[in-house]
Amino acid sequence: MMRDLPSLNALRAFEAAARLESVSLAADELSVTHGAVSRQIKVLEEALGVALFVKEGRGIKLTLAGQRLRETCAEAFARLREVCGELRQGQADAPFVLACPGSLLARWFIPRLDRLNRELPTLRLQLSASEGELNPRSAGVSATLCFAEPPWPADMQVYPLAAERIGPVFSPAYARAAALTQAAPSAVLHEALLHTASRPQAWPCWVQQQGLPSADLQLGQGFEHLYYLLEAAAAGLGVAIAPELLVAEDVRAGRLLAPWGFVQTQAQLTLWVPARQADQRAQALAQWLAAELV
């Protein structure tokens, strides 16, 4: 039981002083004062009821009890250092599991995956995609890449990467494409709009920013996931609302049209890392992603 053990700080101070045969050298190693080490040793002696050191000239000398404790502490701390080193190495060798929505993975992440692997070769990235609600606290997940709105929870290290921008898009093959490219934004109120259950606030958010009445929205075909919504828009089935990040290449190539541009929402593309398991690989990935989004 923990109460059967004396203070671990006191044991650490004793182990350093016993190994170095000097309170001053122990203080330097532990980055504390001479007095702090002396007090910890005194606490330990009082807890054990024995003297561990005696003065010898201007220095100190271990008693028989001190010698016995030094040997045990040396073995215990050496084993602790060994196991901690193994755990750190195990974490570095384990794959870094990144969860993200399938639409984000397919339309933005995978086209950059080869470059990421070249530039972060030690990351050993493993991808986990889902169009359902992502849980960044799931066991086995190292980090989660997703659009989210602040505030951020205290138990997560959240790296904000870029503001989300959304806008209406449609294919040149859509029946009313020619008319819409010449129309004002209010023209969408007369369309049967494609939408997705995973982003129910997207259309109301966009029309509100345009100063249009959201009550006049006419929602048409719905899709369970954003990926299917974007495929439907590309097939010419109607007007969809989409994050600019996921359709930018299609717009540049002319496969999708975005005549009214994109507006910023309160959400951001973020990398979520459980605070209890954050490591340097997460920070390196966050920096890489931020550079890609500039």
Side-chain angles (χ1 to χ4, degrees), residues 98-116 127-134 144-148 162-210 212-265 267-269 292-293:
L98 177 67
C100 67
S103 52
L104 179 59
L105 176 65
R107 289 181 164 266
W108 188 84
F109 202 95
I110 285 179
R112 293 162 174 80
L113 186 55
D114 185 55
R115 183 162 64 252
L116 184 150
L127 298 168
S128 174
S130 172
E131 284 296 346
E133 185 174 352
L134 296 171
T144 301
L145 183 66
C146 61
F147 290 103
E164 181 191 50
R165 290 165 52 82
I166 62 172
V169 295
F170 50 88
S171 167
Y174 177 53
R176 288 180 40 77
L180 288 175
T181 55
Q182 304 298 320
S186 58
V188 298
L189 298 178
H190 306 293
E191 302 296 315
L193 304 174
L194 306 179
H195 60 99
T196 173
S198 63
R199 303 295 296 277
Q201 295 305 313
W203 273 120
C205 175
W206 184 82
V207 298
Q208 183 179 15
Q209 293 214 34
Q210 298 295 326
L212 303 173
S214 58
D216 291 347
L217 281 170
Q218 301 181 55
L219 298 181
Q221 179 69 56
F223 297 87
E224 185 177 1
H225 303 309
L226 179 60
Y227 180 82
Y228 304 141
L229 172 72
L230 298 180
E231 288 299 303
L237 299 184
V239 182
I241 187 81
E244 181 181 20
L245 186 69
L246 304 191
V247 296
E249 291 297 327
D250 291 306
V251 172
R252 277 193 287 270
R255 292 187 293 269
L256 289 175
L257 305 175
W260 306 298
F262 299 86
V263 297
Q264 186 169 317
T265 74
Q268 300 181 58
L269 182 63
E292 282 292 306
L293 291 160

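Because the structure is predicted, anything quoted here is derived from the model rather than measured. Note: hydrogens, waters and symmetry copies are ignored here, and every other heavy atom, side chains too, is used.
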Using every non-hydrogen atom in the two residues, find where [X] and [Y] come nearest and quote the distance to one decimal.
X    : Y    : answer
A233 : A240 : CB-CB, 3.7 Å
P243 : I166 : CA-CG2, 4.0 Å
G102 : A129 : CA-CB, 4.0 Å
V239 : W203 : O-CZ2, 3.7 Å
A106 : P111 : O-CD, 3.7 Å
A242 : V169 : CB-CG2, 4.2 Å

Tell me every residue that passes side chain to side chain donor-acceptor pair (under 3.5 Å) with [X], counting only those two or more places apart in sequence or in another chain.
X    : value
T144 : none
E292 : R112, R115
R107 : E231, D250

Legend entry - Under the ring pair (Phe, Tyr, Trp, His ring centres under 6.0 Å) test, residues paired with F223 that sit two or more places apart: none

Would you indicate whether the side-chain heavy atoms of [Y] and [X] approach each other to under 4.5 Å?
X    : Y    : answer
Y227 : P101 : no
L246 : L226 : yes
L193 : I241 : no
P172 : T181 : no
T196 : Y228 : no
L293 : L245 : yes
L257 : V251 : no

Inset, instruction - Can you tell me which residue pairs pass the salt bridge (Lys or Arg N to Asp or Glu O under 4.0 Å) test with a partner in residues 194-206, sequence neighbours excluded? - result: E164-R199

Inset, instruction - Name all pairs fulfilling the salt bridge (Lys or Arg N to Asp or Glu O under 4.0 Å) condition that reach into residues 173-182, sequence neighbours left out, sorted by first residue then second. - result: R176-E191

I'd like to know if the side chain of [X] and the backbone of [Y] have a donor-acceptor N/O pair within less than 3.5 Å.
X    : Y    : result
Q209 : Q264 : yes
H195 : G220 : yes
E224 : A197 : no
R165 : E244 : no

At what distance, to the nearest 0.5 angstrom, does [atom1] of [X] lie from [atom2] of [Y]?
X    : Y    : atom1 : atom2 : result
Q208 : T265 : CD    : OG1   : 12.0 Å
L98  : L127 : CG    : CG    : 6.0 Å
Q268 : C146 : CD    : SG    : 11.0 Å
S186 : L212 : OG    : CG    : 6.0 Å
W108 : L269 : CH2   : CG    : 7.0 Å

Legend entry - Y174 and F170 aromatic ring geometry - parallel, tilted or perpendicular at 30°/60° bounds: tilted

